[in-house]
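Structure, as structure tokens:
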Amino acid sequence: MANTKGAKKAARVSKRRELINKSIRDSFKNARKEVLKAAGSKASKTDVSALYTKFQSKVDTAAKKGLIKANTAGRYKSRVVTKLKTLGF
């Protein structure tokens with residue numbers, strides 16, 4: 001348990017940031033799943049392209065906020081593009 005006023009505030013802020021970070025992380029992971037699911041179900045190229053753009057935006061946001069590193073964001077995007085190319089998109 002936090003003993004000082006500053007430590008109590010830090011605990012509150014940490015809990016709040018944890019929820020925000022979890023939300024951002026879940027959003028880009030779900031966006032990735034949506035892209036791959038659409039590609040697997042042979043959706044149109046425009047639909048897959050729109051979903052990929054949304055995914056790319058969410059990953060870049062996570063990197064910008066420091067949730068993941070820039071190279072990790074690039075790796076996520078690269079792997080999805082590679083998967084899309086093998087599926088013919």
Side-chain angles (χ1 to χ4, degrees):
M1 185 65 197
N3 292 323
T4 64
K5 186 177 176 184
K8 289 177 184 175
K9 180 178 178 182
R12 287 194 310 268
V13 171
S14 176
K15 193 175 290 187
R16 185 171 46 222
R17 289 303 313 169
E18 179 184 358
L19 293 174
I20 293 168
N21 288 341
K22 183 175 178 357
S23 170
I24 294 169
R25 184 176 290 114
D26 288 348
S27 73
F28 81 76
K29 286 186 176 184
N30 287 335
R32 177 184 175 273
K33 290 174 192 172
E34 287 176 13
V35 171
L36 296 178
K37 184 177 178 182
S41 66
K42 299 297 182 189
S44 68
K45 287 190 178 191
T46 55
D47 291 342
V48 174
S49 177
L51 287 171
Y52 177 74
T53 303
K54 186 174 108 175
F55 162 72
Q56 189 176 20
S57 173
K58 289 183 183 290
V59 170
D60 288 339
T61 300
K64 181 180 172 188
K65 292 184 180 282
L67 192 61
I68 58 176
K69 295 187 177 191
N71 285 349
T72 304
R75 189 173 64 243
Y76 281 138
K77 292 185 287 187
S78 175
R79 287 180 180 167
V80 169
V81 168
T82 302
K83 183 74 170 175
L84 291 176
K85 285 186 178 180
T86 62
L87 293 172
F89 286 95

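As a basis for the values below, the full set of heavy atoms in this structure was taken, side chains included, without hydrogen atoms, waters or symmetry mates. Position 1 is the first residue of the sequence; numbering continues from there.
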### Inter-residue atom distance Arg16.CZ - Asn21.CG, 0.5 Å rounding
12.0 Å

### Query
So do Lys58 and Lys29 actually touch side chain to side chain, heavy atoms under 4.5 Å?
no

### Query
How far does OG of Ser27 sit from NZ of Lys22, to the nearest 0.5 angstrom?
11.0 Å

### Heavy-atom closest pair, residues Lys69 and Ala63
O-CB, 4.3 Å

### Query
If only atom types and distance count, is the side chain of Thr82 paired as donor or acceptor with the main-chain N or O of Ser78 below 3.5 Å?
yes

#### Entry: Main-chain N/O of Leu19 paired with Ser23 side-chain donor or acceptor, under 3.5 Å
no

## Note on the structure
One should read off an interatomic distance between Arg17 CZ and Leu67 CG, to the nearest 0.5 angstrom, of 9.0 Å

### Query
Looking only at atom types and distance, does a side-chain atom of Asn30 sit under 3.5 Å from a main-chain N or O of Asp26, one as donor and one as acceptor?
yes

### Query
Tell me, do Val59 and Thr72 make a side-chain contact under 4.5 Å, heavy atoms counted?
no

### Message
Quick check: closest heavy atoms across Gly40 and Leu87, and the distance to 0.1 Å?
### Response
N-CD1, 4.3 Å

### Message
For Ser49, is there any backbone N or O sitting under 3.5 Å from a side-chain donor or acceptor partner on Thr53?
### Response
yes

### Message
Strictly by ring-ring contact (aromatic ring centres under 6.0 Å, His included), give each pair with a member in residues 3-32 just once, sequence neighbours left out.
### Response
Phe28-Tyr76

### Query
Who pairs with Ala2 by side chain to side chain contact (heavy atoms under 4.5 Å, CB included), at least two apart in sequence or on another chain?
Ala7, Lys8

### Message
Once side chain to side chain donor-acceptor pair (under 3.5 Å) is applied, do any residues pair with Lys83, and if so which ones, sequence neighbours excluded?
### Response
none

### Query
Is there a side-chain contact between Lys85 and Phe89, using heavy atoms and a 4.5 Å cut-off?
no

### Query
Considering the options Lys54, Lys65, Lys77, which one meets the salt bridge (Lys or Arg N to Asp or Glu O under 4.0 Å) requirement together with Asp60?
Lys77

### Query
Rounded to the nearest 0.5 Å, what separation is found between the CZ atom of Arg32 and the CD atom of Gln56?
14.5 Å

### Task
Run through Thr46, Val35, Val80 and flag the one making a side-chain contact (heavy atoms from CB on, under 4.5 Å) with Leu51.
Val35

